[in-house]
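What follows is one structure encoded as structure tokens, with my remarks underneath.
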Amino acid sequence: MSDVADLAAALRRTLSRHLRAGAWAAPGGATARPDPATLPVDEAVDDEAPARPRLALAEVRAELGDCTRCGLAATRTSIVFGDGPPDAPLVFVGEAPGADEDRQGVPFVGRAGELLDKMIAAMGWRRSQVYVTNVLKCRPPGNRTPKPDEVAACRPFLDAQLAALAPRLVVALGRPAANTVLGTDAPISALRGRFHDVGGYRVMPTFHPAYLLREPDRKRDAWSDLKLVMAELERLDIRPDGA
Ligand code: URA
């Protein structure tokens, strides 16, 4: 079987587990419990078996392997898969690793990461309580914008990652992230400021922290987007652990 077919099968298994565990949130926050009879027969799982989102995320990472699916493999130092608890209800998706992230193998650890950490803290969460990843798992040389073939190669892994995490809310940071997660090519200014419901979770597009470092006047808009996220988390009764 091809890598993509393997990945699709793993994704279907993961979705089946989440659906059977009742962990799949329908758009709008209602919990959809599907009729088990409608699940594919070859995906049947033991009802006594616990949901294993941790393993599923590890499976996605294992599937990615020492990836050479696009040209970025030739110039990267590290694959930057993602960082955070596998059961985080809140996920941030950025564009691609930069130089610091490529060196350390962890997303958002450079200047943009410092601002992202502050944004997360201002929302009342800690970085260790949310999951952070990027559309691309490898650094584009010179931090250039991801090319369509690079996004196409990486996208199944972002999709599988989000399916494994089954978050309640996703914050898409900047246009490449928002376009990839939402499957559109609209500018970020046309997408931000409201929720979009895709794949069982709500997505709030907002400005990328690197853009906010260049255009600090837009921080006010980003903060108003994050306040909507905070209000939605409150409405869904989702609080950071320990709060
Ligand atoms: N910018 C991103 O989009 N992601 C990172 O991990 C770092 C900077």
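For ligands, and for the atoms within them, numbers begin at 1 and follow the listed sequence. All residue numbers in this chain count up from 1 along the given sequence.
When atom types are taken as modelled, the side chain of Glu101 and the backbone of Val109 share a donor-acceptor pair closer than 3.5 angstrom. No donor-acceptor distance shorter than 3.5 angstrom exists from the side chain of Arg127 to the backbone of Gly113, with no hydrogens or angles considered.
Each of the atoms 3 (O) of ligand 1 lies under 4.0 Å from some heavy atom of Gly94. If you number the atoms of ligand 1 from 1 as listed, the ones under 4.0 Å from a heavy atom of Glu95 come out as 2 (C), 3 (O). Of all the atoms in ligand 1, the ones that sit under 4.0 Å from a non-hydrogen atom of Pro107 are 6 (O). Listed by atom number, the atoms of ligand 1 under 4.0 Å from His208 heavy atoms are 1 (N), 2 (C), 3 (O).
Looking at Asp221 and Lys219, no side-chain N of the basic residue comes within less than 4.0 Å of a carboxylate O on the acidic one, giving no salt bridge. Look at Arg220 and Asp225 and you find no salt bridge, because none of the NZ, NE, NH1 or NH2 atoms lies under 4.0 Å from a carboxylate O.
At a heavy-atom cutoff of 4.0 Å, ligand 1 is contacted by the side chain of Glu101 but not by its backbone.
Side-chain contact of Thr77 with Asp102: a donor-acceptor pair under 3.5 Å is present, judged by distance alone.
Of the polar atoms of Ala112, none of the N or O atoms is found under 3.5 Å from an N or O of ligand 1, judged by distance alone. For a threshold of 3.5 Å applied to N or O pairs, the pair formed by Ala96 and ligand 1 contains at least one separation below that value.
Remark: Arg61 qualifies as a cation-pi partner of Phe81 under the 6.0 Å distance and 45° angle criteria applied to the six-membered ring.
Nearest protein neighbour of atom 4 (N) of ligand 1, counting heavy atoms only, is Asn134 OD1, 2.7 Å.
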